[in-house]
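Report on one structure; see the data block that follows.
What you see is a predicted model; the values in this text were computed from it and never measured.
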Amino acid sequence: GVAFSMAILGIVTIILSFYLGKKIGGTLLGLSLASIISVSPFMVSLAVQIWNPNIAPLFVVCTLLVLYKIYSENSIKLRYFFILGLLLALIPDLEIVFGFLFFIGIILSVLINARKKIALKSVVAFIVGTLVIFSPRIIFEFRHQFLMMKAFVAFLTTSDASKTSNLVGIFVNRLSLLFDQFNSVIALENKVLGLVIILFIVLVIAFTYKKTNDISKKFIKTSLIIVLTFLVGLTLFHHDIFDHYLVGLPVVYLLLFCLAVNLIAQETRNYIVTGLIVVIIFLINLNPISIVNNFSKPIFIGDASVYRNKLAVIDYVYQQSDGKQFKYVVYTRAVYN
């Protein structure tokens with residue numbers, strides 16, 4: 001049931017991605033975003049693992065949909081600021097580091113892109129939305145001498161002594177991590193292809209940005225602000241960076257790529273070439289050769305959070321026990337990290 005739910009939420013993410021893309025730039029952008037999200041190896045891996053960070057992309061898409069409403073509405077609609085507060089307060093429950101940096105990135109984006117719509121009542125609506133989610137924690141903190149807040153601040157401010165304190169070295173490492181994730185999301189972990197796609201995005205935006213519509217400009221700025229926030233935030237974060245700290249960023253990468261493709265279509269009016277670009281990236285990430293090979297021999301993908309892998313491990317242990325009774329004790333640091 002849980003595995004099935006993860007798959008369903010993955011499908012919902014694809015559907016909402018189409019809706020988001022269509023709202024921002026039309027059908028081509030919607031189809032491009034939804035199709036590549038549906039075959040991205042990184043995104044597929046999230047839909048087959050039972051783990052709460054893996055549903056972060058769904059919440060990222062929902063947040064971007066709310067931002068579209070805020071950016072596109074002529075008048076202030078308090079309900080959208082309230083919903084934005086709800087979403088940004090919920091995402092840290094999925095993954096605290098990702099949620100914290102994403103929260104900052106979205107706030108900066110709203111301040112830059114929708115500053116004229118920020119009034120006292122919209123700020124109050126946003127705060128009320130966050131308090132709906134945060135209120136149980138706030139009560140807990142007051143009752144327990146701010147236990148979680150002290151632990152979180154200590155975690156953010158203390159560095160791992162075994163790691164380099166060279167800020168430039170950390171920056172290069174974080175930049176490399178984001179680049180590697182980008183490759184796993186859209187380039188099938190091919191660094192050359194990944195670099196080509198990044199150059200494609202940069203050049204297209206540089207040459208067509210001034211001519212594009214206002215809403216596309218705002219989402220280009222939003223995407224770049226979020227990526228930059230993560231780069232700066234992780235550089236100041238002197239700890240090991242795990243994959244789930246970046247779990248929702250693929251949606252932002254893919255939105256940037258599809259916006260670039262859409263900008264070419266708007267500029268050239270040649271939908272055959274732009275459609276072909278999307279099809280090529282789609283097929284590369286679909287990797288049909290691997291799919292055919294996996295029909296006869298499924299690959300052990302992922303880690304202990306993958307449902308299929310759990311069953312395989314249990315089957316193996318019982319086969320090795322050969323009918324004898326056994327006891328297996330596992331230590332987990334979920335209670336005291």
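More than 12 heavy atoms of other residues, nucleotides or ligands sit less than 6.0 Å from atom CZ of Phe200. Counting non-hydrogen atoms of neighbouring residues, nucleotides and ligands closer than 6.0 angstrom, the CG atom of Leu199 exceeds 12 such neighbours.
Side-chain contact check for Ser216 and Asn262: no donor-acceptor pair (N or O, by modelled atom type) lies under 3.5 Å.
The minimum heavy-atom distance linking Pro250 with Met43 is given by the pair CB-SD, 3.7 Å.
Under the salt bridge (charged side-chain N to carboxylate O under 4.0 Å, His left out) criterion, Asp93 pairs with Arg137, not counting sequence neighbours. The side chain to side chain contact (heavy atoms under 4.5 Å, CB included) search around Leu90 returns Phe59, Ile133, not counting sequence neighbours. Partners of Tyr318 by ring pair (Phe, Tyr, Trp, His ring centres under 6.0 Å), not counting sequence neighbours, listed by chain and number: Phe326. The side-chain hydrogen bond (donor to acceptor under 3.5 Å, both in side chains) search around Asn74 returns none, not counting sequence neighbours.
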- Query: Would Ile138 and Leu131 satisfy side-chain contact (heavy atoms from CB on, under 4.5 Å), going step by step from the backbone distance to the final call?
  - Reply: CA-CA 9 Å; Ile138 294 172; Leu131 287 177; 3.6 Å; yes
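Within the 6.0 Å centre-distance limit, the rings of Phe98 and Phe230 are counted as a close aromatic pair. Taking the six-membered ring for Trp, Tyr245 and Phe242 have ring centres closer than 6.0 Å.
For residues 189-201, there are no side chain to side chain donor-acceptor pair (under 3.5 Å) pairs, not counting sequence neighbours. Under the salt bridge (Lys or Arg N to Asp or Glu O under 4.0 Å) criterion, the residue pairs touching residues 265-280 are Lys211-Glu267, with sequence neighbours excluded.
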